[in-house]
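To start, the structure under review is shown below, and the notes come after it.
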Amino acid sequence: MGSSSTFSLCSHPTVNFEFNGRKVGYGLQKSLSSSSSYCLIHISPICISRRRKCLQLRRVIVRAASSSSTGPRRSTNTRRVYKESQAQTPALPVDRIVSFVVPAGAFVVISFVLWKLVEKVLLPKPAKTTSEESKSTQGLKWSIAAGTNLLPGFGAKIERESKLRLNDFAKELRSFSIVDMSGRNFGDEGLFFLAESLAYNQTAEEVNFAANGLTADGLKAFDGILQSNIALKTLNLSGNAIGDEGAKCLCDILANNSGIQKLQLNSTGLGDEGAKAIGEMLKKNSTLRVLELNNNLIDYSGFSGLAGSLLENKTLQSLHLNGNYGGALGAAALAKGLESNKSLRELYLQGNSVGDEGVRALISGLSLRKGKLVLLDLANNSITARGAFHVAEYVKKSKSLLWLNLYMNDIKDEGAEKIAEALKENRSITNVDLGGNDIHAKGISAIAEVLKDNSVITSLELGYNPIGPEGAMALAEVLKFHGNVKDLMLGWCQIGAKGAEYFADMLKYNSTISTLDLRANGLRDEGAICLARSLKVVNESLTTLNLGFNEIRDEGAFAIAQALKANEDVRLTSLNLASNFLTKLGQTALTDARDHVFEMTEKELAVMF
């Protein structure tokens with residue numbers, strides 16, 4: 001007869017057992033014996049709560065009356081005694097403890113590590129508070145050079161090195177007449193340190209402080225210094241963002257300076273207000289000869305301020321205003337100032353969008369002045385043939401102009417013909433630059449006719465004009481036996497191999513040209529071979545030949561190398577074959593020719609490829 005009983009020792013586990021069978025519930029260990037009146041049962045349930053985990057070991061003692069009979073379970077002699085004891089904790093088998101603890105611990109550890117990794121990768125870092133940022137920057141050192149932030153470990157060392165460099169710079173200022181400190185980036189602080197070396201300095205005559213990170217505040221270092229220095233003649237502050245405020249500060253100092261003759265303030269962010277301040281300074285200063293204000297932000301208003309100073313200034317000889325925004329109105333304003341000015345000899349107005357109207361107004365003022373202008377730079381000003389007419393009229397009358405620059409305008413053949421007519425009457429201009437004006441063979445032919453009777457022009461720039469082989473022929477035929485041109489620039493003129501043949505023939509007879517520039521004309525090997533023939537003939541004048549960007553290969557290089565070896569009295573000192581298609585073979589041939597020339601004549605020949 002079987003007996004079954006169910007009891008619960010905690011909220012979850014249930015224990016079932018039978019006396020006749022051997023079935024034992026989970027967590028229950030039973031021992032029955034016919035000779036024993038006691039049944040000892042060990043139960044080890046696991047109690048898990050939200051707040052804590054605990055392992056409770058319980059022992060239950062079941063007492064049953066021994067009986068030889070197999071009577072029913074309702075016998076009154078049968079009784080059970082349940083005794084729960086928590087005081088005594090019997091030892092559990094080690095394998096059961098390990099089998100539970102090890103996986104559970106591993107699971108907990110792995111879960112913790114994975115959570116930290118996810119938290120680090122996905123969750124954003126908390127922003128630093130102001131107090132934390134201030135603490136993080138404590139201990140940082142600053143070098144002498146403005147804007148250089150150094151870590152504590154290196155700060156002291158770098159600061160010492162910076163001071164040592166500044167001391168070396170100061171020694172240079174006291175020891176040499178020409179001192180170049182451009183690009184040292186010593187900043188305003190460094191300038192305050194170095195400026196003291198200029199006070200009462202009788203050695204330094206030319207100082208270059210360009211591109212050093214100087215600002216308007218830094219120029220205050222010159223106050224009280226330049227007033228007492230009479231030895232310094234040239235001061236270069238280009239490339240420093242001093243702006244209008246810096247210009248005003250410097251002008252207040254230079255108004256009473258009696259030493260500086262050349263002041264360079266290119267690319268310094270000057271505007272109209274700064275130009276006006278410089279104009280006021282020029283009214284008081286009587287020593288400045290050269291003023292450079294290129295690549296700034298000066299507009300019509302600033303041009304007017306400078307023009308007003310020209311009415312009173314009697315010492316300024318060279319004014320550079322390239323790359324500003326004067327326009328036609330600015331040119332007209334300058335013309336008014338130039339009418340009564342006798343000292344200015346060089347005027348640079350390149351890249352100011354002057355246009356034809358501006359040129360007309362400017363030439364009108366120049367024609368009325370009594371001073372002698374020797375240089376006029378009107379390059380890149382959108383001047384057409386109409387504007388070239390006004391320039392030509394001035395050229396006809398001028399007896400002092402030496403250098404005329406109309407580079408990168410748009411005068412075309414019509415304008416070139418007008419300039420050519422003026423050059424026939426002019427006997428003073430030595431340098432003419434008409435490059436980049438869309439001049440073709442017709443215009444070049446007119447220029448070439450001038451050279452038949454003009455022996456004054458020594459430098460002729462005609463590059464970036466599509467003159468073609470016909471223009472090359474017209475020019476070469478005249479230059480064979482006429483003119484006095486020493487520097488002839490014809491780069492990017494589309495003359496081809498045929499044009500090279502004309503110039504090669506010309507070089508056999510010409511005795512004046514020392515520099516010939518034929519870059520980017522598509523000469524190829526055919527043109528190089530033609531020129532090589534002329535190099536075999538003794539030419540006592542040609543010293544520089546530029547054949548870069550001409551698609552010349554090894555065959556052309558071999559021909560030139562053989563010509564150099566064959567000419568025992570070659571006068572060539574510079575040969576440029578850069579950006580061609582030469583291999584190691586062609587380069588080696590040219591190198592051997594260079595060495596041969598040195599052995600034969602003991603003269604260096606620079607070969608570039």
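- Ring orientation note: the planes of F209 and F186 are nearly perpendicular, at an angle over 60° on the 30°/60° scale.
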Below 3.5 Å, can you tabulate the donor-acceptor pairs from side chains in residues 587-600 to any protein atom, sequence neighbours excluded?
{"unit_1": "T588", "atom_1": "OG1", "unit_2": "K584", "atom_2": "O", "d": "2.6"}
{"unit_1": "T591", "atom_1": "OG1", "unit_2": "Q587", "atom_2": "O", "d": "2.8"}
{"unit_1": "H596", "atom_1": "NE2", "unit_2": "K565", "atom_2": "O", "d": "3.4"}

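- When all heavy atoms are compared, the tightest approach of L321 to N294 is N-OD1, 3.5 Å.
- If you check the side chains of N285 and T287, you find a donor sitting under 3.5 Å from an acceptor.
- Counting heavy atoms of neighbouring residues, nucleotides and ligands inside a 6.0 Å radius, atom CD of E425 exceeds 12 of them.
- Taken from CG in L349 to CG in N405, the straight-line distance is 11.0 Å, to the nearest 0.5 Å.
- Of the possible donor and acceptor atoms, none in the side chain of T268 sits under 3.5 Å from a partner among the backbone N and O of A241.
- Residues L572 and L605 approach most closely at O-CD1, 3.3 Å, considering heavy atoms.
- For the atom pair CD1 of I411 and CD of E417, the computed distance is 10.0 Å after rounding to the nearest 0.5 Å.
- A donor-acceptor pair is defined here as one N or O able to donate and one able to accept, closer than 3.5 Å; no such pair exists between the side chain of N381 and the backbone of G355.
- A donor-acceptor pair under 3.5 Å is absent between the side-chain atoms of N465 and the main chain of I467, judged by distance alone.
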Using atom types as modelled, flag every donor-acceptor pair under 3.5 Å from a side chain in residues 496-505 to any protein atom, sequence neighbours excluded.
{"unit_1": "D505", "atom_1": "OD2", "unit_2": "K480", "atom_2": "NZ", "d": "2.7"}

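- Of all the heavy atoms in T515 and L542, the pair that sits closest is N-CD1, 4.5 Å.
- Minimum interatomic distance between A170 and S197 (heavy atoms only, all atoms of both residues): CB-OG, 3.2 Å.
- Ring geometry for W492 versus Y464: interplanar angle under 30°, hence parallel rather than tilted (30 to 60°).
- The closest donor-acceptor contact from the side chain of D433 to the backbone of G435 lies under 3.5 Å.
- Note that OG of S353 is 7.5 Å distant from CG of N380, once rounded to the nearest 0.5 Å.
- Of all heavy-atom pairs spanning N426 and I429, the tightest one is OD1-N, 2.8 Å.
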